[in-house]
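Reading through the structure tokens given below for one structure.
Here is how names work: the chains are called A, B, and so on, in the same order as the sequence lines, proteins then strands, and each is numbered from 1.
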Amino acid sequence: MIKKKKLKPSKELPSGFEDRQEKVLLIRDFVISNIKEVMIKYGFQYLETPSFEYTDSIGKFLPDKDRPGEGVFSFKDDNKWLSLRYDLTAPLARYVAKNFNEIPKPFKRYQLGTVWRNEKPGPGRYREFLQFDADYVGTKNLQADAELCILISEILEKCGLDKADYTVKISSRKFTDKLFEKLKIKSKYKISTALRALDKIDRLGWEEVRKLLGEGRKDKSGDYTEGANLKKDQIKLIENALDNKMSDSEDVLEIIKIFEAYNFKNYKFDPSVIRGLEYYTGPIFEVNLNFEVKNLKGKTIQFGSIGGGGRYDSLVSNFGNLDCPATGISIGLDRLVFALMQKKDFNIKVVRPLIICVFDKSKTKEYVEILNKLREADISSEIYPGEGKLKKQMEYANKIESPFVIFYGDDEIKKNEVKLRNLKTGEESSIKIENLVDEIKKII
RNA sequence: GCACGGGUAGCUCAGUUGGUUAGAGCAGCGGUUUGUGGAACCGAAGGUCGACAGUUCGAAUCUGUCCCCGUGUACCA
């Protein structure tokens, strides 16, 4: 026999995927319950769509690639390409197109769901994450856009953030369209390169962005990025237009008016908000946090936005000849939770069971009697689920941070009582069986 | 994709100019009272040093290729 190397399965996670543990999940649940309350208050319907869609219905199809739409996870099923959704907006558009006659117009829905992106992960950026999405479909009324910004603020404040902790930035695709028109910049390449450069002002600053608008930029690792090759005076004019924090874009002005009617103040017009290039057609928004966020090693990181959105008046019409304007906003919940945990001390109560120690397996019936009394009173409890000596059972109780351990051995059974040990203080007390539930309810 | 850094025990890491059987701390397992945890002590166990090829009497260490991870940068509907 030839000895072959045993191939062990890898215990590593695919890059960009994470195990999420209880503490984080409980805070995420808290955020989700706040979201649901706010959405009900604002009159939205709850919707769920599947994780997979046909590839051509969730994004652009790239016919020259063997694998459709780089950036999504796809596989071929029965000769048709399927992909995991990369956001909740495209599936919504598909849903609206499919159910166009049945749904009310306007249609307001919210959705919570996992989305997947087949991209290189980075600090705080995963390839699988939970997204929250709220959309108004079938209305051009800019009150919808304004309400989205307001409702996001309400959610954030419900989660414990102050007004100073975040800013809703708004702009409009029309602002930059107008600007480039004025400067007679017509090349699509130049416009998209310039937009991407402007999107980086927050992170890189004007000095670097000027290079990206001009000839190009070399980053500190030595990598070179081609620039938009604009002329110096054009760059200057762009800079001036963006520094002048007043919008000349009608949709932005109207939204600001609506904000005033709602007495909503925590917004900022910021023309450097760009957000993707493809489907937004009008107002765009972005939600930024104003406090420092540290990574797991304690290093302060550029956290970027936790969410954003905008108006996409032509997305639904891609599915057919449907005239259907829409606007939406989304939040990356995992990122929000990560930041919230650093800002606020959540004393989320993690419930741990009381443990009934096992002295003798043949006494299981007696243990179960105690267990049933506790569980009937909704007290989290268990009979020690492993095997081993009392020492091991105590170590287990300690490790899972159980509040109390119950001893119900021969001595106690004879006296019709249990011994209760407080794992924090080490105190022990004897309690008659009939008083057990009441006594425990008192101290827990 | 591009650039730089890194892959040694379950985890965090050390390993000197290439030299016998590759080390530590923590965790885990057993014990120091078989009815008492969080501390301490003792003991045993745990690794084809990311993969493959090459140089060499000899490779965790040098060279090449590939894979994976991290950071920056680009892309991101």
Side-chain angles (χ1 to χ4, degrees), chain A residues 3-8 10-17 53 55-62 68-72 83 85-91 93 115-125 127 192-193 195-197 199-200 203-204 208 211-212 216-227 274-280 295-297 299 301-302 304-305 308 310 312 314-315 318 330 332 355 357-360 363 384 388-413 418-428:
Chain A
K3 265 194 195 167
K4 266 201 175 166
K5 181 161 53 169
K6 239 196 252 168
L7 279 176
K8 289 179 195 161
S10 170
K11 59 186 183 300
E12 303 303 329
L13 289 170
S15 159
F17 289 81
E53 298 270 353
T55 300
D56 59 354
S57 60
I58 66 166
K60 285 181 296 183
F61 200 77
L62 305 177
E70 280 199 342
V72 299
S83 296
R85 63 188 176 204
Y86 63 83
D87 70 6
L88 299 176
T89 310
V115 300
W116 294 265
R117 297 196 180 176
N118 193 358
E119 294 162 1
K120 196 199 145 185
R125 297 192 73 185
R127 299 208 288 183
S192 64
T193 309
L195 283 174
R196 282 197 301 268
D199 201 21
K200 290 170 187 130
R203 186 158 48 85
L204 301 177
E208 300 301 313
K211 290 180 196 164
L212 287 170
R217 168 179 181 264
K218 206 190 233 177
D219 69 54
K220 66 181 171 189
S221 69
D223 196 21
Y224 184 77
T225 309
E226 183 69 30
I274 307 292
R275 297 200 66 78
L277 301 175
E278 288 306 325
Y279 63 50
Y280 292 119
N295 69 8
L296 295 175
K297 286 174 186 163
K299 201 177 136 197
I301 50 173
Q302 280 278 353
S305 71
Y312 49 98
S314 54
L315 191 63
N318 287 344
S330 54
I355 291 159
C357 290
V358 175
F359 291 94
D360 181 354
K363 294 286 195 309
Y384 174 66
K389 292 186 262 193
L390 202 55
K391 181 186 161 107
K392 215 174 168 187
Q393 304 189 26
M394 297 298 291
E395 278 167 0
Y396 166 78
N398 188 52
K399 186 114 191 189
I400 68 164
E401 295 177 305
S402 165
F404 290 96
V405 148
I406 286 175
F407 298 118
Y408 193 48
D410 288 339
D411 300 350
E412 289 83 4
I413 290 174
V418 301
K419 204 192 273 176
L420 191 68
R421 183 184 174 90
N422 183 323
L423 270 290
K424 248 191 188 151
T425 63
E427 285 169 323
E428 284 185 2

Interatomic distance where OH belongs to A:Tyr280 and C1' belongs to B:C76 [whole Å]: 12 Å
All side chain to side chain contact (heavy atoms under 4.5 Å, CB included) counterparts of A:Thr225, not counting sequence neighbours: A:Leu212
Mate of B:G38 where both pairing distances stay under 3.5 Å, Watson-Crick or G-U: none
Sequence-distant partners of A:Asp411, salt bridge (charged side-chain N to carboxylate O under 4.0 Å, His left out), two or more places apart: none
Among B:G72, B:G35, B:G37, the one nearest A:Met394 by side-chain distance: B:G37
Length of the line joining A:Phe404:CZ and B:G38:C1', which is rounded to integer Å: 16 Å
5' priority, RNA chain B, between A:Leu390 and A:Trp116 [closest heavy atom]: A:Leu390
By side chain to side chain contact (heavy atoms under 4.5 Å, CB included) - contacts of A:Asp360 (at least two apart): A:Ser362, A:Lys363, A:Tyr367
Sugar-phosphate, base or nothing in reach of A:Asp87, heavy atoms under 4.0 Å: nothing
Short side-chain N/O contact to B:C76 OP1/OP2 from A:Arg196, under 4.0 Å: yes
Minimum-distance nucleotide (side-chain atoms of A:Phe407 versus B:U36, B:G37, B:U73): B:U36
Rounded distance in Å - CD1 (A:Ile355) to P (B:G35): 18 Å
Side chain to side chain contact (heavy atoms under 4.5 Å, CB included) partners for A:Thr89, two or more places apart: A:Asp87, A:Asp133, A:Asp135, A:Tyr279, A:Tyr312, A:Leu315
Sugar-phosphate only, base, or nothing, as touched by A:Thr89 at under 4.0 Å among non-hydrogen atoms: nothing
Distance in angstrom units between A:Arg125 CZ and B:U71 C1', rounded: 14 Å
Sugar-phosphate, base or nothing in reach of A:Glu226, heavy atoms under 4.0 Å: nothing
Nucleotide nearest A:Arg217 when distance is taken to its side chain, options B:G37, B:A77, B:U73: B:U73
Complement of B:G1, any strand, by Watson-Crick or G-U distances under 3.5 angstrom: B:U73
Reported SG-to-CE distance for the pair A:Cys357 and A:Met394, which is rounded to 0.5 angstrom: 6.5 Å
Whole-Å distance separating the CD atom of A:Glu428 from the P atom of B:U36: 10 Å
Residues in ring-ring contact (aromatic ring centres under 6.0 Å, His included) contact with A:Tyr408, at least two apart in sequence or another chain: none
A:Asp199/A:Arg275 under side-chain contact (heavy atoms from CB on, under 4.5 Å): CA gap, chis, key distance, verdict: CA-CA 7 Å; A:Asp199 201 21; A:Arg275 297 200 66 78; 5.7 Å; no
Interface polar pairs with nucleotides 6-8 of chain B, N/O, under 3.5 angstrom:
none

Nucleotide B:C76, atom C1' - distance to NZ of A:Lys200 in whole Å: 11 Å
Listed partners of A:Glu428 passing salt bridge (charged side-chain N to carboxylate O under 4.0 Å, His left out), at least two apart: A:Lys419, A:Arg421
Phosphate-side-chain proximity, A:Thr225 and B:U73, N/O vs OP1/OP2 below 4.0 Å: no
Phosphate-side-chain proximity, A:Arg203 and B:U73, N/O vs OP1/OP2 below 4.0 Å: yes
Length of the line joining A:Tyr396:OH and B:G38:P, which is rounded to integer Å: 17 Å
NZ/NE/NH1/NH2 to OD/OE distance under 4.0 Å, A:Lys392 and A:Glu395: no
Residue list, ring-ring contact (aromatic ring centres under 6.0 Å, His included) with A:Tyr396, at least two apart or on another chain: A:Tyr384
Under 3.5 Å donor-acceptor pair, A:Glu401 side-chain atoms to B:G37 base atoms: no
When you compare the protein's N or O atoms with those of nucleotides 26-31 of chain B, which come within less than 3.5 Å of each other, and at what distance?
residue	atom	partner	partner atom	Å
B:G31	OP1	A:Lys389	NZ	3.0

Nearest-angstrom distance from the residue atom CD of A:Gln393 to C1' of B:U34: 12 Å
5' priority, RNA chain B, between A:Arg421 and A:Pro121 [closest heavy atom]: A:Arg421
